[in-house]
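Reading through the structure tokens given below for one structure.
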2 protein chains.
Amino acid sequence: MSKPLHVLIIDDHLAIIEYYERIFSYLSTNANFVFEIDTATNCDAAMLKLKNAFKTNPYDLIFLDISLPPSKDGTILSGEDLGKVIRQLFNSTKIVVSTHLNNNYRINNIFNNINPEGFLIKGEAGFNHFTEAIKMVLNDTPYYTKTVLELLRKNVMNDFNLDEKDRQLLYELSKGTKMKDLPKTINLSIGGIERRKRLLKQTFNVSKKSDLVLIKTAQEYGVL
Amino acid sequence: MSKPLHVLIIDDHLAIIEYYERIFSYLSTNANFVFEIDTATNCDAAMLKLKNAFKTNPYDLIFLDISLPPSKDGTILSGEDLGKVIRQLFNSTKIVVSTHLNNNYRINNIFNNINPEGFLIKGEAGFNHFTEAIKMVLNDTPYYTKTVLELLRKNVMNDFNLDEKDRQLLYELSKGTKMKDLPKTINLSIGGIERRKRLLKQTFNVSKKSDLVLIKTAQEYGVL
DNA sequence: GAATAACCTTAGAAAAACTAAGGATTTCTA
DNA sequence: TAGAAATCCTTAGTTTTTCTAAGGTTATTC
């Protein structure tokens, strides 16, 4: 019998953890896998498990929720930070992100920060999706659910060449941040920001239209 | 009983067509689908089918090979052109591209020109992949095989902000075009092209390395 | 080893991006 | 609804980036 696959489940809802455990146990009996499963319900517990595993028995697979309460010392703010740590610590650990977040900007950020092998949106993933995801990811094939795939697809398509500031601007606008407050976060003069907004409206073909239209269009294109 | 799904299979190998037909027939008996299947083995035949279907019975699903012999009149050069026509003619037809091509530059182009709902690399797709692809695509969920997914994933990740000229430069270099000939195709002075190449090497962290290294790195990142 | 192409530097021109300031217009709100 | 606040749109001037042109150095190759 081969060495069991070391798995860590990180989620702040016990019910979800139990759900995942059931899925792994199903795979054990039906697909000939052997798992050794750890769990953590918050960032601190997760960090502890990760540090221990680092020395002795690195994880093969980590299920990672993004919305987690921050660590006590405030250094780890979410599952996203945790994911970054995992990538730093282990280089062959497969990460499967499972989250209810479903807006493009956040998904994009998660790809940039974690680049997970699997990415499931909770609302669209059921038992079959999870079993499939585990099998695929362990087999070196990425697994993404519908919303994620659609975002990826839009992403290859459009070639807008926005830089970080553009994206930040769009994001802040979508949150309703006021123009006069933007220079604090974006490091440009009001004029410069206005210029960029004008150009953004141009690239999205919504010149002369409202900011709301800009935001919605950017979202449609999967940029936001 | 519901209206049958109108399917067109385009591939220049009869064996492949018969293989696909078997898959559709399997789905008919095992997954309660009803298909009406047309086939075409070259661009002209495909165009004819498309034009006929346009008036009477538009296709729900089209399986499209990319490497096809060009049409007699030389207007349709490959499955890629055919895909563009399909997108122009029909707006609700799902396209599944199945091809043996597997380099990033071509895959990228196919996304930009056709943006298929399904994309399978022939070497990595077997019976299960095809049945799964059909079911998923008809259910409005994109389906892509491993290589394609990995490319898409790289694509969200890297944020190099290359413009058309950069890409063109990389492409020409990869073909072995000489620097002195580039101004003819790229519309910049030699100096400007040299500058861009220097910057490209910088963004890919291969400054001071050879052009070949640049090309290979760009390919690894899925840009080329 | 001479020709050819690639690479690098420099100086200057041209274009693009940004700042700052002020006025016109719209939107908010008390 | 009048006044305040925020946005939008100029303009003029500065800084930064990008490009051209030309010439010199270093590899390649025939």
Side-chain angles (χ1 to χ4, degrees), chain A residues 103-105 108-109 112 158-221 223-224, chain B residues 105 108 158-221 223-224:
Chain A
N103 74 78
N104 294 340
Y105 184 75
N108 250 310
N109 277 343
N112 282 312
N158 58 42
D159 215 3
F160 295 123
N161 261 29
L162 310 186
D163 66 13
E164 199 43 43
K165 279 176 182 163
D166 288 323
R167 257 183 283 273
Q168 209 180 342
L169 170 54
L170 284 172
Y171 180 60
E172 293 290 341
L173 283 177
S174 80
K175 287 199 305 181
T177 310
K178 287 175 185 164
M179 285 296 276
K180 66 148 191 160
D181 292 328
L182 284 177
K184 294 169 197 162
T185 45
I186 291 189
N187 199 27
L188 280 179
S189 68
I190 281 272
I193 293 174
E194 281 170 353
R195 180 182 168 278
R196 273 171 183 266
K197 189 159 68 167
R198 223 175 306 125
L199 291 182
L200 280 173
K201 286 189 179 172
Q202 221 170 293
T203 59
F204 287 114
N205 265 319
V206 293
S207 305
K208 302 282 168 191
K209 301 249 172 83
S210 73
D211 289 5
L212 206 112
V213 176
L214 170 62
I215 299 301
K216 284 199 135 190
T217 313
Q219 277 166 346
E220 268 169 37
Y221 280 112
V223 173
L224 229 184
Chain B
Y105 186 74
N108 249 311
N158 57 43
D159 215 4
F160 296 123
N161 261 30
L162 310 185
D163 66 12
E164 197 45 43
K165 279 176 183 164
D166 288 322
R167 256 185 284 272
Q168 209 180 343
L169 171 54
L170 283 172
Y171 181 61
E172 292 290 342
L173 283 178
S174 80
K175 287 198 306 179
T177 311
K178 287 178 187 162
M179 286 296 278
K180 64 148 194 162
D181 294 326
L182 285 176
K184 294 169 197 162
T185 46
I186 291 189
N187 199 27
L188 281 178
S189 68
I190 282 269
I193 292 174
E194 281 172 353
R195 181 183 165 278
R196 272 172 184 266
K197 188 161 68 168
R198 225 174 306 126
L199 291 181
L200 281 172
K201 287 189 179 173
Q202 220 170 292
T203 59
F204 286 114
N205 264 320
V206 294
S207 306
K208 302 282 168 189
K209 300 250 173 84
S210 72
D211 290 6
L212 206 113
V213 175
L214 170 63
I215 299 303
K216 283 200 133 190
T217 313
Q219 278 167 344
E220 268 168 37
Y221 280 112
V223 173
L224 227 185

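Chain A is the first sequence line, chain B the second, and so forth, proteins listed ahead of strands; every chain is numbered from 1. Any value given below was found using the heavy atoms of this structure, including those in side chains, with hydrogens, waters and symmetry copies removed.
- Between the CG atom of A:D166 and the P atom of C:dA17 there is a distance of 10 Å, rounded to whole Å.
- Between B:N187 atom CG and D:dC19 atom C1' there is a gap of 11 Å when expressed in whole angstrom units.
- Residues from residues 191-214 of chain B placing a heavy atom under 4.0 Å of any atom in DNA chain C, listed by number, are B:E194, B:K197, B:R198, B:D211.
- Regarding B:L188, its CG atom lies at a distance of 18 Å from the P atom of D:dT17, rounded to whole Å.
- Of the possible donor and acceptor atoms, none in the side chain of A:Q219 sits under 3.5 Å from a partner among the backbone N and O of A:S174.
- Defining each end axis of the helix from C:dG1-D:dC30 to C:dA30-D:dT1 as the rotation carrying four pairs' C1' atoms onto the next four, with five pairs an end, the two axes are found to diverge by 50° to 10 degrees.
- The NZ-P distance, from A:K180 to C:dA20, rounds to 18 Å in whole Å.
- Looking at B:R167, its side chain never comes within 3.5 Å of a backbone N or O of B:L224 through a donor-acceptor pair.
- Between B:Y221 and B:F160, the two ring planes are perpendicular [angle over 60°; tilted spans 30° to 60°].
- Taking a cutoff of 4.0 Å between a charged side-chain nitrogen and a carboxylate oxygen, A:D166 and A:K197 do not qualify as a salt bridge.
- Looking at every heavy atom in both residues, B:K165 comes nearest to B:I186 through CE-O, 3.9 Å.
- Among the protein residues, A:I190 comes within range of no part of the nucleic acid, since none of its heavy atoms lies under 4.0 Å from any strand.
- Regarding B:L169, its CG atom lies at a distance of 12 Å from the P atom of C:dA6, rounded to whole Å.
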### Message
For a quick check, with a 4.0 angstrom heavy-atom cut-off, what is the B/S/- contact string for nucleotides 24-30 of chain C, read 5' to 3'?
### Response
-------
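- Remark: side-chain polar atoms of A:N104 are not paired, donor with acceptor, to backbone N or O of A:V223 under 3.5 angstrom.
- Every residue two or more places apart in sequence or in another chain that forms a side-chain hydrogen bond (donor to acceptor under 3.5 Å, both in side chains) with A:E172 is listed here: A:T177.
- Rounded to an integer number of Å, the gap from A:L182 CG to D:dT7 P is 8 Å.
- Counting only heavy atoms from C-beta outward, the side chains of A:L162 and A:L170 approach each other to under 4.5 Å.
- In this structure, B:N187 places its CG atom where only 12 or fewer heavy-atom neighbours from other residues, nucleotides or ligands lie under 6.0 Å away.
- Looking only at side-chain heavy atoms (C-beta outward), A:P183 and A:I193 come within less than 4.5 Å of each other.
- Rounding to whole angstrom units, NZ of residue B:K165 and P of D:dT17 are separated by 18 Å.
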Between side-chain atoms of residues 198-206 of chain B and protein atoms elsewhere (two or more places apart, or another chain), which donor-acceptor pairs fall under 3.5 Å?
from: B:K201; atom 1: NZ; to: B:K209; atom 2: O; distance (Å): 2.8
from: B:K201; atom 1: NZ; to: B:D211; atom 2: OD1; distance (Å): 3.0
from: B:T203; atom 1: OG1; to: B:L200; atom 2: O; distance (Å): 2.9

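- Using a cutoff of 4.0 Å between basic side-chain nitrogens and carboxylate oxygens, B:K184 and B:D181 are scored as salt-bridged.
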### Query
Just by protein heavy atoms under 4.0 Å, how would nucleotides 25-30 of chain D read 5' to 3' in B, S and -?
------
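- No side-chain heavy atom of B:E164 sits under 4.5 Å from any side-chain heavy atom of A:N161.
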